[in-house]
Each structure stands twice: as structure tokens, then as C-alpha cells.
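See below for the structure under consideration.
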Protein chains: 2
Amino acid sequence: MRQKDQYGQNTGSKLPYETSLLIKDKKKKLPAQEEFIPHLAFDSVIFGFNGKQLKILVLEYHNTGLFALPGGFVKRDENLDDAVQRSLKERTGLDNIYLEQFHTFGNNARSNATIMRRILAENDYDFPDTYWLLDRFISVAYYALINYDEVAPRADELSDSINWYAINDLPTLIMDHSDMVKMALETLKRNIDKKLIGMNLLPPKFTMKQLKEVYEAILGEKLRRTTFQRKMLSMDILERHEKLFQGTAHKAPYLYSFKKIKNVDR
Amino acid sequence: MRQKDQYGQNTGSKLPYETSLLIKDKKKKLPAQEEFIPHLAFDSVIFGFNGKQLKILVLEYHNTGLFALPGGFVKRDENLDDAVQRSLKERTGLDNIYLEQFHTFGNNARSNATIMRRILAENDYDFPDTYWLLDRFISVAYYALINYDEVAPRADELSDSINWYAINDLPTLIMDHSDMVKMALETLKRNIDKKLIGMNLLPPKFTMKQLKEVYEAILGEKLRRTTFQRKMLSMDILERHEKLFQGTAHKAPYLYSFKKIKNVDR
DNA sequence: GTATTATTGTTACAAATTGAGACAATAATT
DNA sequence: AATTATTGTCTCAATTTGTAACAATAATAC
């Protein structure tokens, strides 16, 4: 209903909502095409780390058994990056999420009106054959890194649920969304040292072991403890804090945080 | 029948060219909006290497003193990558150009109707205020690598000329095209070892010195001769051929080519 | 012919980085 | 006080990279 209000508001686009009159909505308003740039979508691979596994958020559409990445559309006067941030805020409640665009998927065959029709139909929407969501879409794909523990994901109107799935135990995703996940992960691996990935997947203070586990989950391989520690410390990006007493029968590890650095892209 | 939105744009693909009748063209037909996906463009940073410098192709629009990257639009039923290849063939005459998508530019402010109006006007086109090229565009940016010597670039209809410009001596480019060049070059640097860049910027057979000069032009720094040679040979990607006798008063260098490799992205 | 010149290809050794293990330190628990 | 399971650091080996030396030419100059 929050969404309904939103779709009812003027967005700054100077266009009257003529076409929306064509859509007889039974329950809720469908996205009106005048508000958005046609043929253009975005999808987000939202990564989180639960301490053991790398996971992503996946939507399940109502009554269909269809799984998909969360995505959305760009308003007529809205920056592309802002549109993605807006949608992420709707799904996660978080502001200022770490976001990286990694590819734009533009094959003609990627769009599938049949799937979209089924999703809309199962949601009891009534829509014309010319409804814009049935058209071909080019999708700009982003990956996001968020702190797993701080988030209570919220599904969108069309979806039953939004849930965390381990990266190596995903359901089959619609259209080319599996390719998106694959490419997102490859990009993440390539960027792991440049972009200080851990900064966004971990709480502010963390142990060296936790940081190593994030790296291992992303790279999909075990790392040598001593070499990893030496490398991280030599990079001069970590600040050491007090020890963490966990009540375990061994030496307590130090807590670290990432140094506040100015003017460096993370 | 497909529906139209407020811009008069058709959102489907198989439409007659109704709207083009609105455009009274004095000389040539302007691109008709029904043929292309609205609001979506692409731009290409086309790299070549002349033996000394890294260069890119830049268009100059007729009578305006405005310089821009070559670009184009995606047909309603055309794959994004194919559209870029098609446009590159038009500019360079080459098929199967090495192409890499690197970023999609989607800021609202990047579009500039004033500039586009001026370009169209200086070309003696007559067009309505609602002409689709004056709308906001999201642009997917690619870089291409081509063999400098094999190409005779051809300007498009709106442009006076298309010419090679050294990467560090470019004219001021319109809109965000300078950002595109900058990001293309950064991506090229990052990819230089992974993607065997030289394969596409050099003739089939080349000396180690030429290969080193390509690397130096891309990275913008001098490399150590012996280290470079050792690294390249150890990568096991080069095939050694006959010596090249240049008529110079010193030892003749070997010619090399890249090994034919299957199933590896270059 | 022979000496000269400007590279080129390779080797040798030093310096730096990384791999692999050893070992002492230390929070609980027994 | 002994035991246990890490953690932080150090040591030495293995590998990679930086740097320079050097022999091998393909022309040209004499």
C-alpha cells in the first residue's frame, strides 16, 4: 500500500496519465508506463554473508513457482543509479548501499512476454495485450553488498517472498537471471582486492578469521591463514581494536575495522 | 494495435513508419523513431595503435565544431551487441570487431537536447519539438580494438569527418563522452593481461618490441624490456616465426603471432 | 674483409614476494 | 596447574620479479 501511494503520486514527469486509464486493475495499480522509461529495466544481485556462506536475495512470484532477482524500472527524470538505490531501499530498508554496475543485458531473446503475462495473471491483474511490461526490455545489472544481519528483506507487490539463498544452492531463475548471478560473482572475485569488499559485507568490527571467511566464500577456495593475515596487515587498511573474548578456550582474537580512507573507491 | 505513449512513441516493434511523415526532411531521412528502441543509445570508444600512440576515432559534427564518439541506436528486434557491431561496420568497414561493453551511462543530466537540436539544425534538418532524439537517452558504452592500418573510417550522415586522435590529445567531446573515454581506458588497463589486447591492435605477425609498445601506450608507462619479454614468453601464448630483416644495422628480431586458442576469452 | 653500431635474445644474480610450517602466547575448561 | 584450541608472529624455503651483463647478429663504414 505504501507502493500504491507512491504510484499514485506525480513523479515530476510532465505527462498526463492517459494510458493508465486503459488498465483496469482489480486489486492494485500496475506500474504505469508514463512514469517510467520504456524498455529499460535493472536487476540487482544483492550479496550478504551470514558468517558461513555467501548468499543473495531472490524473489518468488506469487503462485507461479518462478524465482527472480529483485529489479525495477527507471523513472523518466531519475538517474539510473538512483533508481537502483531506490529499489534497494524498498527491498532492504537500507540507505546508501554499496552498489556496482557490472553489465547490461541487451539480447532481444532475453525478454519473455509469456513469463511476464503469467506473473501478472497469477497476481489477478487485468492488463491489455499491449501492456508495456510485456515489451522487450534491456536490463542494467548491478551487484550490491549489504550487512546480512541488519536487513529484514521485504517482498514487492508481485512476489510472495524474498529470501536469502546460498550462492551455490540457488533455485532456477527466470530468463537470464542465472547469467546475471554468474557474472556478478565473477566481477566480485575480480574486484575483491581493489574494492575492499569485506567493508560492506561485515559488521564494523570483525576478526581476521571472519574477514578470511568472507574472502573464501567469494573466491570459493580455502586460503592460508598466515599468508592471508600477513597480506591484509601489509595493505595498511585495517585498524586494530580491543580483543574479542568469546568465552572459548583459546587465545582471544583482535577485532579490526577498515580505516576511514578518503578519496579511494571502495 | 500497439499503444503509444505521450511522446508519440510506439512501444512495440512491428509498426509502419507513421511518425516519420511528421518529419519534413530537406536532404535526408532522419532516423525514424519507430525503428529503434527509444531512450536507448550506445557509444563506442574505438582504439587503434599506429605503432607509436594509442588513438581513438572521433566524429566531428557538420558546421558545429562539436566532437563526439561514434554511436547509434538499437533496432526494435536487434540484439544490443549486434547493433554495436552493425554501427562499427558502418564506420570502419570491418566485420567481427573485438568489442567489450564496459559501462552504461544513465544519469538524467547526461542528455542534452540543446546540443542535439544544434547538430540537427546545422545539418539543415527540420524536426518537430517532440522529435525522439531530443529525449533523454541512456547509453551503453563499448570499447573496440581494431587494426589501425586496415581501416578507412567513414563518417556518418550528421558528421563532417571521422578521424584518429591520440588518446592524450583529444578535442573536447560533447556531453559525457570524455568520461566514457576515460573509463574505457581504465578498463583496458585492467584487462590488458586477461584479454590479450595486443591480438586485436597489432597485425597478425609482430615483433616483441611492437607488442611492448602497445602495452606501454595503453598503460602509459615504460616497461623493462627483458622482464616484458620473459613474461610474455612464459605466458605460452605466442608462436615464434621467422626473423624480420628490416635493413637496420643490428640483429634482426623474431616475428611472433598469438597462438590460436580455443575456448578462452580474449 | 674487418671494425663499428644498435639492437635482440638469453642468462645470471639480487631483491622482493609468497608458501609452508614452527612456535610461543593465551582464554577458557578440566 | 595441566589441557585445549586457536591466534599472532617469525623463520626459512620456494617462487617470482628487478636489474644488469653479455653474447649474437644484421646492416653500414672503412
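Since we're looking at a predicted model, the values are computed, not measured. The sequence lines fix the lettering, A, B, ..., with proteins before strands; numbering per chain opens at 1.
In this structure, the CD atom of A:Q210 is 10 Å from the P atom of D:dT7, given to the nearest Å. Between A:M232 atom CE and D:dG8 atom P the separation is 14 Å, expressed in whole Å. Here D:dG8 presents its P atom at 12 Å from CG of A:L238, a figure rounded to the nearest Å. Put simply, CG on B:L244 is 15 Å from C1' on C:dG9, counting in whole angstrom units. With rounding to whole Å, A:L255 atom CG is found 12 Å from D:dT7 atom P. If you measure from atom NZ of B:K231 to atom P of C:dG9, you get 18 Å, rounded to the nearest angstrom. Between A:K222 atom NZ and C:dG19 atom C1' there is a gap of 18 Å when expressed in whole angstrom units. Straight-line distance from the CE atom of A:M235 to the C1' atom of C:dT18: 15 Å, rounded to whole Å.
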Could you write nucleotides 20-30 of chain C as a row of B, S and -, 5' to 3', where a protein heavy atom under 4.0 Å of any base atom gives B, of only sugar-phosphate atoms gives S, and otherwise -?
-> BBB--BBBBS-
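As judged by a 4.0 angstrom heavy-atom cut-off over every strand, A:L233 is placed among residues touching the sugar-phosphate backbone only. Nucleic acid contact for A:K209: sugar-phosphate only, since backbone atoms but no base atoms lie under 4.0 Å from a heavy atom of the residue.
Under the salt bridge (Lys or Arg N to Asp or Glu O under 4.0 Å) rule, B:E100 has a single partner from B:R190, B:K194, B:K195, which is B:K195.
Listed by chain and number, the residues in a salt bridge (charged side-chain N to carboxylate O under 4.0 Å, His left out) with B:E221 amount to none (sequence neighbours excluded). Qualifying salt bridge (charged side-chain N to carboxylate O under 4.0 Å, His left out) partners for A:D160, counting only residues two or more places apart in sequence or in other chains: none.
Across every non-hydrogen atom of A:W164 and A:F47, the tightest pair is CZ3-C, 4.0 Å.
Proximity of A:M208 to A:Y256: side-chain heavy atoms (C-beta onward) are separated by under 4.5 Å at one or more points.
Relative orientation of the B:Y143 and B:F102 rings is tilted, given thresholds of 30° and 60° on the angle between their planes.
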